[in-house]
Every structure is written in structure tokens, then in C-alpha cells.
Amino acid sequence: MENAHASGRQRLNLTLPGPLVEEAKALGLNLSRACESGLEAAVAAERARRWQAENHAFFDWYNAKVEADGLVLAEYRQF
């Protein structure tokens, strides 16, 4: 990859709201790290959303089973 660094980081051009960028700079924030943190959070949230969507049928089945039959080994619960 032409614009990939040896560390695996990639140089990108982003368009962000000017006032937000100015405030972040005034607060001494590292824009690259802040964008990276936000992107990591967005990727994690989308992975979780997709996993839940892919497994929705199982959740429905399991919840119905627990409602009908109770929890497995419920008699051994200590709480």
C-alpha cells in the first residue's frame, strides 16, 4: 500500500467541521488519536450490532425456552 506506514498506520484526508477542529486544537487534543478512538468505538458498535442481528433468532428461541422451561440448573443457583 502506497500510503501505509511501517507501523501499519495509514495517512488519510478527512473533512471535519472547522469549529470542532479548532476547539480540539485549542484543548491540545491529538486529532489523529481522537479520530482513531472514535473510529474504534464505531467499529466495535457496528460489530456488536451485526452480531446481535445475526444471532437474533437464537436469542428469541433461548428466551422462549427459558420462559417455558425455566433456567437450566436453576435449583443450584446461590443467588
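Side-chain heavy-atom separations under 4.5 angstrom define the hydrophobic clusters, and F79 shares its cluster with no other residue.
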Ignoring hydrogens and angles, write down the donor-acceptor pairs under 3.5 Å from the side chains of residues 50-57, residues two or more places apart or on other chains.
from	atom 1	to	atom 2	distance (Å)
R50	NE	E46	OE2	2.7
N55	ND2	W51	O	2.7
H56	NE2	D60	OD2	3.1

Residues 25-33, side-chain donor-acceptor partners within the protein, below 3.5 Å, at least two apart:
from	atom 1	to	atom 2	distance (Å)
N30	OD1	S32	N	3.0
N30	OD1	R33	N	2.9
R33	NH1	E36	OE1	3.1

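Sorted pairs that involve residues 16-41 and meet ring pair (Phe, Tyr, Trp, His ring centres under 6.0 Å), not counting sequence neighbours, are lacking altogether. Counting only residues at least two apart or in different chains, ring pair (Phe, Tyr, Trp, His ring centres under 6.0 Å) contacts with residues 19-39 are absent. Pairs passing the ring pair (Phe, Tyr, Trp, His ring centres under 6.0 Å) check and including a residue from residues 14-33, sequence neighbours excluded, do not occur. Each ring pair (Phe, Tyr, Trp, His ring centres under 6.0 Å) pair with one or both residues in residues 11-43, not counting sequence neighbours, would appear here, but there are none.
Cluster membership check: F59 shares its hydrophobic cluster with V66, using side-chain heavy-atom separations under 4.5 Å among Ile, Leu, Val, Met, Phe, Trp and Tyr. Both L71 and F58 sit in one connected hydrophobic cluster of ILVMFWY residues. Membership requires side-chain heavy atoms under 4.5 Å apart, directly or through other members.
In this structure, the side chain to side chain contact (heavy atoms under 4.5 Å, CB included) partners of P19, at least two apart in sequence or on a different chain, are P17. Taking A48 as the reference, nothing meets the side chain to side chain contact (heavy atoms under 4.5 Å, CB included) condition, with sequence neighbours excluded. Residues meeting the side chain to side chain contact (heavy atoms under 4.5 Å, CB included) test with Y76, sequence neighbours left out: L73. For V43, the side chain to side chain contact (heavy atoms under 4.5 Å, CB included) partners two or more places apart in sequence, or in a different chain, are L39, R47.
At least one side-chain heavy atom of L16 sits under 4.5 Å from a side-chain heavy atom of C35.
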